[in-house]
Amino acid sequence: MQSIGKGYFTEENSVEVVIARNAETADQRLKFILEVITRKLHEMVKEIEPSQAEWFEAIQFLTQTGQLCNEWRQEFILLSDVLGVSMLVDAINNRKPSGASESTVLGPFHVAEVPERPMGANICLDQKGEDMLIHGQIRDTAGNPVANALLDVWQANDEGFYDVQQQGLQPEFNLRGMFRTGEDGRYRFLAVKPKYYPIPDDGTVGKLLKRLGRHPYRPAHLHFIIKADGFQSLTTHIFDPDDPYIESDAVFGVKESLLANFKRNEDPAQAAQLGFKSWFWDVEFDFVLARANS
Ligand code: BEZ
Ligand code: FE
């Protein structure tokens, strides 16, 4: 018989009794995690003092959140996003050396196995939206160009939808592409200006946001995953600082260092050179990768 020596459960000693019950846990990391969870959960319940009805409502909320999850939808990640937990886990796991570009959330709309395109290609396959040139350089923290870096980019269209949300309406792989840098570390591609969009808000997370008086919008952004041998992989975005939701991102993904400058270029000759009709948005943004061992 296991000896626990903490007596019977009472409101006052609830934490000690439960932690003592887990004392024999062989996996020390699991033991530590359960200890912290027990302490924080009991503290939360003692502070909130939920009624039985409120506790049941919480259980139902979590049950429905789980029931919404399937191969394509992860409502629990969305919940973690709107509570700021995804960004906190991201921050803890991506502490970068000074000068390196900051990371932000991956989001649910990344697609693996996207076609690699020649540098300079247009990732907008349906000619809808305001033309945009995006270019810059991938460097290390000492300022040297990073050759052979693979950029995986994806973005919503000018109506705020990813291709995977509008299958049949948008071409497959619309506004997605992989690009590989040469010796100069430079990248360059054409696209259209993205628009703000709501995170999926027809489930439990959407209901919660409504009850909290919060909107579900993410400010306009482009997603990047940048990988290169010898460097830490960087999952990040660049944001439009003039977006109406730039200061109230539903998932807290905005960082000041990720605000890009969306400049209007009205030079018809430069537009024509890029194959654009008249004017275009010119976005220049450099990324700095941290060494794998830093
Ligand atoms: C996204 O940017 O694609 C995203 C991130 C978190 C939740 C929903 C969408
Ligand atoms: Fe996104």
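Quick caveat, the model's predicted, so the values are computed rather than measured. Note that ligands are numbered from 1 as they come in the structure, with each ligand's atoms numbered from 1 the same way.
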Per-atom filter on ligand 1: closer than 4.0 angstrom to a heavy atom of His223 are 1 (C), 2 (O), 3 (O)
shortest atom 2 (O) of ligand 1-to-protein heavy-atom contact is with Arg218 NH1, 2.5 Å
| Hey, does the side chain of Asn94 reach the backbone of Asp90 with a donor-acceptor pair shorter than 3.5 angstrom? | yes
**Message:** Check the orientation of Phe109 and Tyr162. Use parallel for under 30°, tilted for 30 to 60°, and perpendicular for over 60°.
**Reply:** parallel
Describe, in one word, how the ring planes of Trp279 and Trp281 are oriented to each other, choosing from parallel (under 30°), tilted (30 to 60°) and perpendicular (over 60°). perpendicular
Nearest heavy atom to atom 9 (C) of ligand 1, choosing from Pro108, Ala250, Gly107, belongs to Pro108
- Name the orientation class of the two ring planes belonging to His223 and His221 (parallel below 30°, tilted from 30 to 60°, perpendicular beyond 60°). perpendicular
With sequence neighbours left out, the residues meeting side-chain contact (heavy atoms from CB on, under 4.5 Å) with Val111 are Val114, Val164, Phe173, Arg176
Nearest heavy-atom approach of Gly185 to Pro145 is N-CB, 3.8 Å
Ignoring waters, protein N/O/S atoms under 2.8 Å from the Fe ion (ligand 2) are Tyr162 OH, Tyr197 OH, His221 NE2, His223 NE2
From the list Asp131, Asp240, Asp158, side-chain hydrogen bond (donor to acceptor under 3.5 Å, both in side chains) partner of Lys193 resolves to Asp240
Ligand 1 to His221, heavy atom cutoff 4.0 Å, flagged ligand atoms 2 (O)
Atom 7 (C) of ligand 1 sits nearest the protein heavy atom Asp81 OD2, 3.3 Å
Practice prompt. Kindly assign one of parallel, tilted or perpendicular to the pair Phe287 and Tyr187, based on the angle between their ring planes and the thresholds 30° and 60°.
Written response: tilted
shortest atom 3 (O) of ligand 1-to-protein heavy-atom contact is with Tyr197 OH, 2.8 Å
Exercise for review: Would you please say whether a donor-acceptor pair under 3.5 Å links the side chains of Ser103 and Thr235?
Suggested key: no
